[in-house]
Amino acid sequence: MVCETIMRTEKIDSLNPAQRAAVEHKEGPLLVLAGAGSGKTRVITHRIARLVERGVDPRKILAVTFTNKAAAEMRNRVRKMVGGDLQGLWLATFHSACARIIRISAERVGLTRDFTIYDANDQKRLMTDVAKSLGADQEASPKEFLNMISMHQGRYEGPEVLQETDPFDRTYKLVWEEYTKRLRKANAADFGDLLVLALQIIKEDALKQKGWAVRWDHILVDEFQDTNHVQYLLAKTLSQHTQNLCVVGDDDQSIYSWRGADVSNILEFEHDHKDTKVVTLEQNYRSTKIILDAAFSVIKNNTGRRDKKLWSTLGAGEPISIYVGFNERDEARYVAQIAQKLRRRGSLGDLAVFYRVHAQSRAIEEALREASIPYRMVAAMKFYDRAEIKDLISYMRFIFNPASDLDLKRIINTPKRGIGKTSVGKVEKLGGMKNITLYEALKEAVKPGSDVLGSGARKKVSSFISLMEGLLQRASQVLPSQLAEEILQRTGYVENLTHAKNREDAQRIENLMEMVGSIRAYEGEADEPSLLDFLERVALTADADGAGGEGKAVTLMTVHAAKGLEFPEVVVTGMEEGVFPHARGLFDEIELEEERRLAYVAYTRAKQRLYLTRTESRNLMGQTRFNEPARFLREIPRNLCKQESSVNKKSGLNGEGMRVFGRGSGSEYGRPDGWNEISRAMKDAAFNNRTHSSRGSRKRSSGKESPGLRAIRAEIEARERKKAAANREQTKSIGVQPERRRKRSQTKGGGQSTHWYSGMKVHHKKFGPGTVQAWYGEPPNQQISVYFFKHGIKTIISRFLEPI
DNA sequence: CGAATGCGACTTTTT
DNA sequence: GTCGCATTCG
């Protein structure tokens with residue numbers, strides 16, 4: 001304890017030599033390779049403080065981070081260090097910094113200061129519209145179009161890179177151009193645009209060595225491994241005149257390549273910047289040695305990483321706990337047990353539970369609620385996602401920027417005011433013809449002499465327009481919160497809910513009140529509260545980080561959300577092939593390595609204790625799966641682990657299994673008998689096998705499998721081997737097909753085979769790439785089939801033979 | 001025009 | 001299991 005305190009103090013007050021070198025570095029490019037927990041944020045904040053101390057004007061410093069959270073934290077720390085005198089320092093996320101730049105120079109890229117930022121939802125709705133109107137909706141889904149666009153944007157490429165000769169590219173190009181046109185017409189920009197447009201502006205300036213290009217003397221970039229090409233170019237262009245570019249990152253923690261992050265930015269930084277000073281931070285101040293060793297033994301399996309290994313003086317610490325649950329509820333119960341243990345110590349806040357995908361949180365939440373353990377979830381946008389909140393925001397956005405057709409369409413008939421699809425469609429057409437915004441078209445349509453609308457609709461539209469005009473006026477006179485209240489009142493939104501009188505509606509009203517409250521809170525906290533600023537925050541803030549509600553509660557979040565955080569105790573759930581690593585990455589080396597980095601990030605969040613859990617059986621997306629243990633589990637040396645308990649102990653398997661499948665509740669109840677039989681048989685086999693192998697040494701039990709199992713295994717393995725090659729080819733070719741719109745076919749007959757399994761006849765057949773459908777018994781029991789991920793029966797059998 | 005119903009699709013990560 | 005969408009019906 002004493003030791004720890006000393007350590008802490010030292011950590012705060014002094015820098016180690018490497019850190020100091022990074023902080024003191026004066027001019028020229030600087031690359032800081034900062035391993036997990038090596039004091040990366042400290043280096044940046046100290047460096048900023050040091051620059052100011054050395055007389056650099058804070059106005060000449062730009063520090064960019066990736067998340068709002070990081071930016072806020074950094075701001076706090078710097079403020080403390082420098083003592084409040086940060087006037088003019090830019091410390092922001094890439095996106096908000098770019099938004100700011102664009103607002104100031106909006107006219108140069110065809111926007112006005114009041115432009116709206118479209119989030120993923122808005123983008124999708126707009127794209128749906130665009131694709132439909134161009135008849136391109138058969139070529140790809142809106143989401144796919146958007147993905148392609150954002151990929152190109154991230155590389156700083158425009159539609160002009162597309163080949164006219166390629167039929168798909170030609171449509172895609174049209175779609176892209178139309179999409180951009182409509183965005184601009186709505187005076188809006190999407191996320192990708194923010195970066196691209198800002199870069200455009202800056203590049204223009206760079207040619208003449210003026211304006212934004214020479215605005216800052218020092219550029220600092222955090223989480224550099226997550227930057228995409230545009231972000232890289234932004235940093236580079238902004239620092240061209242001084243070369244004072246400091247980038248900090250860790251290639252092992254690059255987990256955003258799926259959205260365009262380019263690790264080569266960090267791997268090749270030195271090639272691109274002559275005379276780069278490189279500092280590597282390898283001393284870890286966060287985790288115990290065991291945790292670091294485990295993390296390293298996993299990450300070292302990746303290729304092409306920069307060589308480094310973290311070390312720590314914090315002592316070996318506890319072994320890593322591994323728990324094998326029967327199903328996700330059992331797993332969740334185990335999590336709740338850990339939480340209870342901490343609660344008795346009064347340190348619930350020390351615990352964080354991670355999962356690969358949000359869908360996993362459900363079971364955990366339920367178990368925690370059942371045990372009355374408070375938790376807070378770092379969920380993406382749950383609150384803002386609610387319809388009523390979106391409505392209110394749409395009102396506010398429309399009032400702020402009446403060119404936003406998307407918002408107008410959302411609110412024009414919410415609450416119901418008799419302006420239906422037909423009317424809107426007519427007016428939309430008018431707008432399209434005259435090339436004016438929807439709102440302008442509405443005004444046209446009610447002018448005397450116009451015959452676009454019938455008299456009934458006309459009247460309703462007029463009254464809507466006057467309602468909006470009234471609110472538009474108020475916008476400039478009152479604070480956002482006041483405006484919100486007036487919207488809710490004057491549009492009859494709240495009244496409408498009050499009348500309806502459902503339980504849900506009451507909740508909706510409450511949510512709206514909460515929203516108004518949070519706007520007020522914003523006004524109290526912001527330097528210059530304005531509608532513009534507020535809406536920008538809404539658009540650029542995905543993490544609704546629980547408004548300071550740290551308190552005594554367990555933290556639940558995805559691994560991605562956990563990056564940059566640390567907790568004394570961490571549980572990583574769902575350590576199974578197909579869950580973590582996620583099924584999508586299973587067949588691709590590159591993606592698999594990213595999953596591995598993700599695991600690395602997860603493990604290195606833990607300071608003192610790390611728990612890893614997996615399950616025998618997992619219900620996810622409506623299907624029950626029996627997954628292999630995650631390779632990220634197997635890659636950890638056994639001597640660092642301790643198996644807490646597992647299904648082969650006491651009630652874990654048979655008792656629980658019977659309960660769940662025999663007379664469980666919900667969808668599990670009443671399954672046809674075949675289900676029980678197959679699961680029973682499998683579990684029995686597992687049980688028998690486990691009782692042999694789990695005793696004593698942890699060696700693999702290959703010699704101990706029963707003759708029956710061995711035979712089955714041999715047979716299946718032979719078959720699998722034979723199929724493997726063909727299978728792989730097939731998977732490959734299927735993967736690229738534009739056939740995705742077609743439903744997966746369930747043609748009978750093809751590829752069906754039968755195996756004897758524990759004295760039971762099991763049929764199985766290939767169902768899709770990497771998935772095998774298996775069932776027990778004869779039809780009509782087929783419909784109770786189980787989907788075995790990846791290898792089918794082999795998965796189950798081989799799993800039984802593995803200790804972990 | 002709007003409500004009800006059914007259907008299907010979609011389930012990785014986020015600024 | 002959940003959501004949004006589309007179609008249908010009143």
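Residue numbering restarts at 1 for every chain, and letters A, B, ... go by the order of the sequence lines. Values below: all heavy atoms of this structure, side chains included; hydrogens, waters and symmetry mates excluded.
As a whole-Å value, the separation of A:E144 CD from B:dA9 P is 14 Å. As rounded to whole Å, 16 Å separates atom C1' of B:dT13 from atom CG of A:N228. Rounded to an integer number of Å, the gap from A:I255 CD1 to B:dT14 P is 9 Å. Rounded to whole Å, atom P of B:dT14 lies 13 Å from atom CG of A:N68. Here the C1' atom of nucleotide B:dT12 and the CG atom of A:L598 are 9 Å apart, to the nearest Å. For A:R259 and B:dT14, the CZ to P distance is 8 Å, given to the nearest whole Å. Rounded to whole angstrom, the span from the CD atom of A:E594 across to the C1' atom of B:dT12 amounts to 10 Å. B:dT13 atom C1' lies 15 Å from atom CD of A:Q253, rounded to whole Å.
Proximity of A:R362 to the phosphate of C:dT2: a side-chain N or O atom is located under 4.0 Å from OP1 or OP2. A:T558 has a side-chain polar atom (N or O) that falls below the 4.0 Å cut-off from OP1 or OP2 of B:dT14.
Contacts of A:K124 with the nucleic acid, taken as non-hydrogen atoms under 4.0 Å apart, are absent. Within 4.0 Å (heavy atoms only), A:F94 reaches no atom of the nucleic acid at all.
A salt bridge (Lys or Arg N to Asp or Glu O under 4.0 Å) with A:R305 is found for exactly one of A:D250, A:D251, A:D252, namely A:D252.
By the 4.0 Å N-to-carboxylate-O rule, A:R184 lies close enough to A:D193 to be salt-bridged with it. Ion pairing of A:R333 with A:D330 is present here, as a side-chain N (NZ or NE/NH1/NH2) and a carboxylate O approach within less than 4.0 Å.
In the model, A:D533 has a side-chain atom that pairs as donor or acceptor with a side-chain atom of A:Y522 under 3.5 Å. Side-chain atoms of A:E576 and A:T615 include a donor-acceptor pair closer than 3.5 Å. A:E594 and A:S257 form a side-chain donor-acceptor contact under 3.5 Å, judged by distance and modelled atom types alone. Between A:Y232 and A:D262, the side chains place no donor N or O within less than 3.5 Å of an acceptor N or O (distance only, hydrogens not considered). The closest side-chain donor-acceptor pair between A:D190 and A:Y179 falls under 3.5 angstrom.
Stem list for DNA chain B (at least 3 consecutive Watson-Crick or G-U pairs, distances under 3.5 Å): B:1-10 with C:1-10.
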Review item, nucleotides 1-3 of chain B N/O atoms under 3.5 Å of protein N/O:
{"residue": "B:dC1", "atom": "OP1", "partner": "A:S423", "partner atom": "OG", "Å": "2.7"}
{"residue": "B:dC1", "atom": "OP2", "partner": "A:T422", "partner atom": "N", "Å": "3.4"}
{"residue": "B:dC1", "atom": "OP2", "partner": "A:T422", "partner atom": "OG1", "Å": "2.0"}
{"residue": "B:dG2", "atom": "OP1", "partner": "A:G418", "partner atom": "N", "Å": "3.2"}
{"residue": "B:dG2", "atom": "OP2", "partner": "A:N413", "partner atom": "ND2", "Å": "3.3"}

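With hydrogens and angles ignored, no donor-acceptor pair closer than 3.5 Å exists between the side chain of A:W258 and the base of B:dT12.
Comparing A:E595 and A:H95 by the nucleotide of DNA chain B whose heavy atom lies nearest to each, the residue mapping closer to the 5' end is A:E595.
When side chains are defined from C-beta on, A:D129 counts as touching A:K409, because their heavy atoms get closer than 4.5 Å. Residues A:F115 and A:N187 have side chains in contact (heavy-atom distance under 4.5 Å, counting atoms from C-beta outward).
Taking the side chain of A:K132 as heavy atoms from C-beta on, and the options C:dA6, B:dT12, B:dT14, the nearest nucleotide is C:dA6.
Residue ring and nucleobase are not stacked for A:Y256 and B:dT14 under a centre distance beneath 5.5 angstrom and an angle between planes beneath 30°.
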